[in-house]
Amino acid sequence: MSAIHIGQPIARVDGREKVTGTARYAADFDQPGQAYAVIVGASVGRGRVLEIDDGAARQLQGVLTILTYRNAPRLAYAPHKGFIDPAGGERLHVLQDDVVRFYGQPIALVVAQSQAQAELAAALVRVRYAAQGPVCDPLDPRAEAVVPQALREPGPHAADRQRGEAMAALAEAAVKVDVAFDTARENHYPIEPNATIAAWNGDRLTLWSKSQFVVNEQAEIAAIFGIPVDHVRVVCPFVGGAFGTSLRTWPHVTLAAVAAREVDRPVKLVLARRQMFHLTGHRPRTLQRIALGATAQGRLTAIVHEGSGETSRHEEYVEALTSATSYLYSCPNVQTRYRVVPLDTGTPTFMRGPGEATGLFALECAMDELACALGMDPLALRRINEPQVDEGRQLPFSSRSMLACYERGAQAFGWSRRSHPPGSMRDGRMQIGWGMAAATYPVFHAQASARVRLLADGTAEVETAASDMGPGTYTSMTQIAAQTLGLSLASVRLRLGASDFPPTPPHGGSMTLASVGSAVRNACLAALDQRRAGSSGAQAIEAVATAGPDAALHQRFSMHAFGAVFVEVAVDPDVGTIRVRRVVGAYAAGRIVNPRLAASQCSGGMVGGIGMALMERTALDPRDGRPVNAHMADYLVPVNLDIPMLEVHFVDEVDPHVNDLGVKGLGEIALVGVAPAVANAVYHATGKRVRELPIRIEHMIETGP
Ligand code: MOS
């Protein structure tokens, strides 16, 4: 009998490489004779470039060239929309015109023999602008919320959706809440900076580039340069965290390739930390309203959810802000409305739990407010509104273990010992609060491919283009391959993160395990078939296979992961500091391939959720749209001392419909639900209802009249 690997808490197969520093990230692939490029960003938020004086910069030793819209090559920018690119609008054409669309937009590129020379020269480039005041705040009277072009079609993702008569039901409801929320713009803040090393060999280009989607980067760069896709190769074996910030191919990748062609040698371009705040996307700020109506017994009769998120003026970024509202609870009358607000800013992008994290902040805080209005336990309120089917799409769930998550999480947390009145729990001077929230995220599954080689020595090699940004893709794919092939883990070698490996969807949207895992499994099965059919045992066998979602099943079933998050906070009533003391999350996400790494993944999501709840906010200077806290000191993220015991539980769930592996994905749901649970705990501790993120000391301290 071959060993069981799926379901085992295997340590990371790439752990040794990571801790010994032999794992190579994009910026580690230094090339012989490479030059260094530094981006000069616009210092105004909107306007035109009138004059660029690079005379002093050009005089500096080591400077090879300085590119601006005046002398940069015209690029093809052939139409190309990847899976993750906004459906509406057009990507920034970098250094192709004199228009400044947002603060920090690349205006010039300095290429020099060393990084220090390039930085020094970049600081000497003088630019004169015709500047206008940018509109970079959705509350600015000049800002306008518009219906997203991409979501005009009716259907489950339409901008406007309705079942029943929500407004009428709300008017008649025995108990109601009607509240508004404001969630902050955030940046992804991975440890690894975005970086690209570009090298041309004739008309062929190699990019060692931080990417969650190497095959899209390949296609996008080929389209931008107007060259065949197979002339571009993208390599990215390791990613030092990304959370969505490296799904798209941002302009710095193009610039590295342009520079390499211009100076005819490899060029390395590493973004400075501050540049990552405006050049690689952000989580959009949202403004939302939730109105809930219920019977006196707590049955929901009306849900109204209206919200808007930022986008840029040149592209229309949309996310699933109101989607979960249609299926999370049973309610006959539900109305949702989603808008985007074009601003003079870089385009936002997916950031862990994109849409759900902010949308459920509003919904789950409003549910807590409704529970208070009803005088009910917030967990009991959720239990009695648990739906039997997805009432938005009128479809059965492929599986939905939400009640089990409530049960498991509540028990582990000790929820039954909660004293319900706000401000009724204390620990010495500290005000203690217990809050909870539901979490959910869709099961995404897209077509993926993998190659398996069975070698004569009895070992196997697996190749697939997917990246591993940290969840443990090397490990989970090794488990799947080893188990399918009947080999030991040590006999399987995974190769990831190169565009010449069989193509995969974005390493995002929590779809890698379902999509790439299914492809790896199919490729292993195909290789075994070949071996059974073949006669020669000594020759290597190679099989490539593709796996994709079963469209019919996705039409028949509503497929989502579910979870419940419980949080304890302590608020110091004198100085207003908020400490998270405990987080317990219970998740039902189908089969858990590796409980150890899955728990690690969820802990990471909880940390992100605590950051979202209490710390993270990218603040813009209204005069020029400049992120004012674009550095490690002022963009606050949790550090070890901010993080308490994190407890992750997985509810056993067998889902026969989602995919052959039975996995739903964990990356996004791990963050969803944490911020509202924290906010609800803060309310329970203090009686202060904060409907704005992040929740800060100033929200806790009474200000005098
Ligand atoms: Mo995640 S936002 O899909 O990288």
Side-chain angles (χ1 to χ4, degrees), residues 138-139 145 158-184 284-295 298-309 319-341 353-374 376 378-379 381-382 384-387 391-392 435-440 565 612-613 672-684 688-695:
L139 292 174
D160 294 270
R161 279 171 289 145
Q162 172 150 357
R163 66 174 186 261
E165 292 291 338
M167 290 305 184
L170 187 65
E172 289 163 17
V175 181
K176 58 189 108 173
V177 299
D178 191 341
V179 282
F181 299 88
D182 184 346
T183 67
R285 180 179 173 189
T286 70
L287 302 172
Q288 301 178 66
R289 172 203 173 201
I290 300 257
L292 301 176
T295 65
R299 294 297 302 254
L300 284 167
T301 56
I303 303 177
V304 176
H305 186 179
E306 299 169 344
S308 65
E319 60 183 18
L321 188 66
T322 60
S323 299
T325 303
S326 69
Y327 67 83
L328 192 54
Y329 297 111
S330 176
C331 180
N333 305 293
V334 178
Q335 180 178 320
T336 63
R337 194 173 79 176
Y338 171 60
R339 297 290 181 267
V340 289
V341 184
E356 281 81 3
T358 40
L360 281 195
F361 172 71
L363 180 61
E364 289 300 286
C365 287
M367 284 294 282
D368 202 70
E369 298 203 41
L370 181 65
C372 290
L374 287 158
M376 278 181 80
L379 179 57
L381 174 66
R382 287 172 174 85
I384 66 167
N385 287 291
E386 175 70 7
E391 295 179 7
M436 58 85 52
T440 182
V565 186
M612 179 182 179
V672 177
V674 177
V678 171
N680 295 339
V682 167
Y683 172 77
H684 182 240
K688 294 193 172 76
R689 186 61 78 174
V690 182
R691 304 185 185 93
E692 184 186 340
L693 290 181
I695 302 170

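Here the structure is a predicted model, which is why all the values come from computation and not from measurement. Because only heavy atoms are used, hydrogens play no part in the values below, and waters and symmetry mates are left out as well, while side chains stay in.
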Is the CD atom of E165 crowded by more than 12 outside heavy atoms at less than 6.0 Å? no

Provide the closest heavy-atom pair for A169 versus T301 in the form atom of the first, atom of the second, distance. CB-O, 3.5 Å

Is the backbone N or O of A371 less than 3.5 Å from a side-chain atom of E369, with the two atoms forming a donor-acceptor pair by type? no

Interatomic distance, CZ@R299 vs OH@Y329, rounded to 0.5 Å, equals 13.5 Å

Supply the atom-to-atom distance L328 CG to H305 NE2, rounded to the nearest 0.5 angstrom. 11.5 Å

Do any pairs count as a salt bridge (Lys or Arg N to Asp or Glu O under 4.0 Å) and have a residue in residues 354-365, sequence neighbours left out, and if so which ones? E364-R382

CA sep, side-chain torsions, deciding dist, call: D160, R339, side-chain contact (heavy atoms from CB on, under 4.5 Å): CA-CA 9 Å; D160 294 270; R339 297 290 181 267; 3.1 Å; yes

Pairwise side-chain contact, Y327 with T440, heavy-atom cut-off 4.5 Å (strictly under): yes

Contact between D182 and R285 at the side-chain level, heavy atoms closer than 4.5 Å - yes or no? yes

Which heavy atom in C365 sits nearest to a heavy atom in N680, and how many Å separate them? CA-OD1, 3.6 Å

Could you please spell out the steps behind the side-chain contact (heavy atoms from CB on, under 4.5 Å) verdict for L287 and V341? CA-CA 10 Å; L287 302 172; V341 184; over 6 Å; no

Can you find a heavy atom in the side chain of S330 that is under 4.5 Å from one in the side chain of E391? yes

Between R163 (side chain) and C331 (backbone), is there a donor-acceptor pair under 3.5 Å? yes

Restricting to non-hydrogen atoms, name the atom on A675 and the atom on A613 that form the minimum distance, rounded to 0.1 Å. CA-CB, 3.8 Å

Closest contact, heavy atoms only, A362 versus I290: CB-CG1, 3.7 Å

Rounded distance [0.5 Å steps], CG in L321 versus OH in Y338: 6.0 Å

Are R161 and S323 side-chain neighbours, meaning at least one heavy-atom pair lies under 4.5 Å? yes

If I compare all heavy atoms of R689 with all of Y683, which pair ends up nearest, and what's the gap? NH2-CD2, 3.2 Å

G298 backbone acceptor or donor facing N385 side chain under 3.5 Å: yes

Contact check, side chains of L363 and L292, non-hydrogen atoms, under 4.5 Å: yes

Chi angles and distances behind the side-chain contact (heavy atoms from CB on, under 4.5 Å) call for L170, Q335: CA-CA 11 Å; L170 187 65; Q335 180 178 320; over 6 Å; no

Run the side-chain contact (heavy atoms from CB on, under 4.5 Å) test on I695 and K688 for me, step by step, so that the C-alpha distance in whole Å, both residues' side-chain angles and the decisive distance to 0.1 Å come before the verdict. CA-CA 11 Å; I695 302 170; K688 294 193 172 76; over 6 Å; no

If I take atom CD1 from residue I303 and atom OG1 from residue T322, how far apart are they, to the nearest 0.5 angstrom? 11.5 Å

Within a strict 4.5 Å, meaning less than it, do heavy atoms of the M367 and L300 side chains meet? yes

Please report the shortest heavy-atom distance between G293 and A173, naming the atom on each side. CA-CB, 3.5 Å

Using only atom types and a distance under 3.5 Å, with no angle test, would you say the side chain of K176 pairs donor to acceptor with the backbone of A171? yes

